[in-house]
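Heads up, the thing below is written out as structure tokens.
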Amino acid sequence: EDQVTQSPEALRLQEGESSSLNCSYTVSGLRGLFWYRQDPGKGPEFLFTLYSAGEEKEKERLKATLTKKESFLHITAPKPEDSATYLCAVQGIQGAQKLVFGQGTRLTINP
Amino acid sequence: GAVVSQHPSRVICKSGTSVKIECRSLDFQATTMFWYRQFPKQSLMLMATSNEGSKATYEQGVEKDKFLINHASLTLSTLTVTSAHPEDSSFYICSAGRSPHEQYFGPGTRLTVT
């Protein structure tokens with residue numbers, strides 16, 4: 001069974017304080033690992049898809065990396081508007097397009 | 001591009017009534033759509049996979065007769081919560097796959113059953 005574990009559950013940072021969020025996964029054949037951002041009361045917003053170990057993708061202050069067992073979402077010099085819940089999900093080769101989500105990391109950036 | 005809409009955004013209904021939620025892909029065609037449920041401060045739990053022109057595939061533990069899914073076209077899937085009860089109150093979110101590697105989410109529907 002595919003599983004995703006995210007840590008920490010919650011993270012508070014000061015504006016400008018860089019950090020990383022972790023997503024550990026087990027999957028029987030990875031088709032893709034997805035990162036989403038979710039604001040309260042809204043649907044997840046797509047950020048990245050990573051497909052193979054060693055791959056990296058960047059978008060503004062966010063950078064996602066992937067190994068065979070985990071993915072990191074690095075946040076550089078965050079701003080208060082980066083506050084949100086960040087969700088990681090895996091798509092296995094056996095589950096059609098099904099995504100299995102982790103519990104998310106609630107990120108708060110204090111000004 | 002890749003916009004998914006849901007309607008309604010919020011709905012309040014009485015116990016025992018049925019509620020229909022629509023999910024539309026506005027600028028792409030989606031042969032597959034997904035329905036998720038999210039409880040407060042929890043992650044998304046997949047309820048079912050909706051395939052255009054065929055029956056939906058439900059996850060273990062999800063009642064097929066209670067959560068009716070119809071995927072009548074390449075841009076529209078509907079979820080009907082039948083005989084709703086207070087424990088069905090939740091945030092329901094759909095997603096649509098533009099390709100196997102791209103899945104975009106709607107804004108969600110807050111259902112409250114009184």
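Just so it is clear: chains get the letters A, B, ... in the order the sequence lines come, proteins before strands, and each one is counted from 1.
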What I'd like to find out is whether the side chain of K42(A) reaches to under 4.5 Å of the side chain of P107(B), using heavy atoms alone. no
Between G32(A), P40(A), P44(A), which shows the greatest number of heavy-atom pairs under 4.5 Å with chain B? P44(A)
Would you say E1(A) has more than 12 foreign heavy atoms packed within less than 6.0 Å of its CD? no
Got a sec: does the CD1 of I12(B) have more than 12 other heavy atoms crowding it under 6.0 Å? no
Got more than 12 heavy atoms from elsewhere within 6.0 Å of NZ, K55(B)? no
So if you build clusters from Ile, Leu, Val, Met, Phe, Trp, Tyr with side-chain heavy-atom gaps below 4.5 Å, do M45(B) and F105(B) land together? no
Spell out, as yes or no, whether a donor-acceptor pair under 3.5 Å connects the side chain of S43(B) to the backbone of G104(A). no
I need the L87(A) CG to Q38(B) CD distance, nearest 0.5 Å. 7.0 Å
Are there more than 12 heavy atoms of other residues, nucleotides or ligands under 6.0 Å from atom NE2 of H85(B)? yes
Nearest heavy-atom approach of G41(A) to F91(B) is O-CZ, 3.5 Å
Turns out that what part of S99(B) lies under 4.5 Å from chain A's heavy atoms comes down to backbone
Tell me, for T32(B) versus chain A, whether the close heavy atoms (under 4.5 Å) come from the side chain, the backbone, both or neither. side chain
Quick check: do L44(B) and Q38(A) have side-chain heavy atoms less than 4.5 Å from each other? yes
Under 3.5 Å, is there a donor-acceptor pair between the side chain of Q103(B) and the main chain of Q97(A)? yes
R12(A) CZ: over 12 foreign heavy atoms closer than 6.0 Å: no
Name the region of F101(A), side chain, backbone, both or neither, that has any atom closer than 4.5 Å to a heavy atom of chain B. both
Surrounding CD of E81(A) (heavy atoms of other residues, nucleotides or ligands, distance under 6.0 Å), is the total greater than 12? yes
